[in-house]
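Heads up, the thing below is written out as structure tokens.
A, B, ... follow the sequence lines: proteins, then strands. Residue 1 opens every chain.
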2 protein chains.
Amino acid sequence: MSLPHAILIALLEKPSSGLDLTRRFDKSIGYFWSATHQQIYRELGRLEAEGHIRALPSEQPARGQKKAYEVLPAGRAELARWTAASQDPKPHRDALLLRLRAAAVVGTAGLEADLRRHLELHRLQLAEYEEIEKRDFPPGQRGAQARLQHLVLRAGIELETFWIQWLTEALAELSVVAERHDSA
Amino acid sequence: MSLPHAILIALLEKPSSGLDLTRRFDKSIGYFWSATHQQIYRELGRLEAEGHIRALPSEQPARGQKKAYEVLPAGRAELARWTAASQDPKPHRDALLLRLRAAAVVGTAGLEADLRRHLELHRLQLAEYEEIEKRDFPPGQRGAQARLQHLVLRAGIELETFWIQWLTEALAELSVVAERHDSA
DNA sequence: AGAATTAGTGCAACTAGTTGCACAATGCTG
DNA sequence: CAGCATTGTGCAACTAGTTGCACTAATTCT
């Protein structure tokens, strides 16, 4: 149940309309909590109904009209509560690892191409993160806020780095395994 | 849509009853694809209806009776198809990173304890993985099957190692940030 | 001016995963 | 042998996330 909180964070960082949020979820926020625009609109409705956010005053409340939201004190309080509350880690689910394990029983045919594709995707993602790091977190850090945000970004960078390294290794293993067919 | 495939893998590795599967999902398989026993029973029903698996012949088909399943050729074929098919990576969702980012706006109060708890959990998980590695993959590898399985396990080990390192860093940052209050 | 495109908001239906409970069979214990 | 815990299977209801479409308003194109 973290989507509403992700939205509160985004809105605290900068009041936005639904579409603005959607765009921001395709970037920074979405890197560790993704959401589609439908989820976002639905959740904005709920958050407003609960009094956690409100639409910024604007003349046109009609459909097809931009509507920006800001966080109310109650929303900020709820976010602080949630942030401090103890939470169990959610179980991971990684289809790629599952497929590797499947390959151990049904064979590796067809896997290589997709591993390469994933490798490429991770390379792109890493490049994007490093771009952000260079732009937003130049060496010689200051405020608490920046330090924490940088910490989160570094997690992203290091995770991508890990996957790139692991996928490279996996591709090497795969070619070894394919060469000598099977012998298990 | 990977749960049925995870079950097929588990059953190919060793035919099992629902409860056996549940237990195995709490161990090795569940490390990268978790599932509750209810999910498993439901999926077993579906897989049987589709002709991908079948219940091993046994005298007592009554309730409260062990019922073991094995994979049929159609199931194996489906698993091979799925393994080879190209799949887009699912978006990540990590509440802990989200909370760190929230802390940048609403303050870090109360976070530390939970970070420590997560650190401890990852340490335990890592120890468990390393135990498995020592037991099942002694140096001097052979078959293709073992190599691939080891590769997957190493991903787990390295991910846990990453989190331990990152959380340690995060705790250090947190204490720095807390000391000098805020200055952003 | 009318047509096509784009920006913005939203509903409805579906799929996957979670939670809470029910109930039968077996074995253990007083 | 009666009661109780454990093992094993399963249904029902709920929550979160996904997919597909609909509709309005503003903008650009001819």
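B:Q39 has a side-chain polar atom (N or O) that falls below the 4.0 Å cut-off from OP1 or OP2 of C:dG17. Not one side-chain nitrogen or oxygen of A:R46 sits closer than 4.0 Å to the OP1 or OP2 atom of C:dG10. Applying the 4.0 Å criterion to OP1 and OP2 of C:dG10, one finds that A:Y41 has every side-chain N and O outside that range. Residue A:K67 has a polar side-chain atom (N or O) positioned under 4.0 Å from OP1 or OP2 of C:dG10. Considering only side-chain N and O atoms, A:T36 lies nowhere under 4.0 angstrom from the phosphate OP1 or OP2 of D:dT19.
Across B:W82 and B:S2, no two heavy atoms sit closer than the pair CZ2-OG, 3.6 Å.
Side-chain atoms of B:E133 and B:H150 include a donor-acceptor pair closer than 3.5 Å. Between A:E169 and A:Q165, the side chains place a donor N or O and an acceptor N or O closer than 3.5 Å (distance only, hydrogens not considered).
Atoms OH (B:Y69) and C1' (D:dT9) sit 9 Å apart, rounded to a whole Å. One can place CD of A:E43 at 15 Å from C1' of C:dG10, the figure rounded to the nearest angstrom. Between the NZ atom of B:K90 and the P atom of D:dT18 there is a distance of 7 Å, given to the nearest Å. Separating the CZ atom of A:R23 from the P atom of C:dA7 is a distance of 7 Å, rounded to the nearest angstrom. Computed from coordinates, the A:L47 CG to D:dA16 P distance equals 12 Å when rounded to whole Å. Here the P atom of nucleotide C:dG17 and the CZ atom of B:R42 are 9 Å apart, to the nearest Å. In this structure, A:I7 atom CD1 and D:dA16 atom P are separated by 13 Å, rounded to whole Å. In this structure, B:D88 atom CG and D:dT19 atom C1' are separated by 15 Å, rounded to whole Å.
Taking the six-membered ring for Trp and the full ring otherwise, the centers of A:F32 and B:H92 sit at least 6.0 Å from each other.
Ranked by how close their nearest DNA chain D nucleotide is to the 5' end, B:Q38 and A:L3 are led by B:Q38. Residue B:L19 is the one, among B:L19 and B:R93, whose nearest nucleotide of DNA chain D lies closer to the 5' end (criterion: closest heavy atom).
Nucleic acid contact class of B:T22 (heavy atoms, under 4.0 Å, all strands): none.
Taking 3.5 Å as the limit, the base of C:dG8 and the side chain of A:H37 contain no donor-acceptor pair of atoms between them.
Taking 4.5 Å as the limit, every side-chain heavy atom of A:L98 sits out of range of all side-chain heavy atoms of A:D94.
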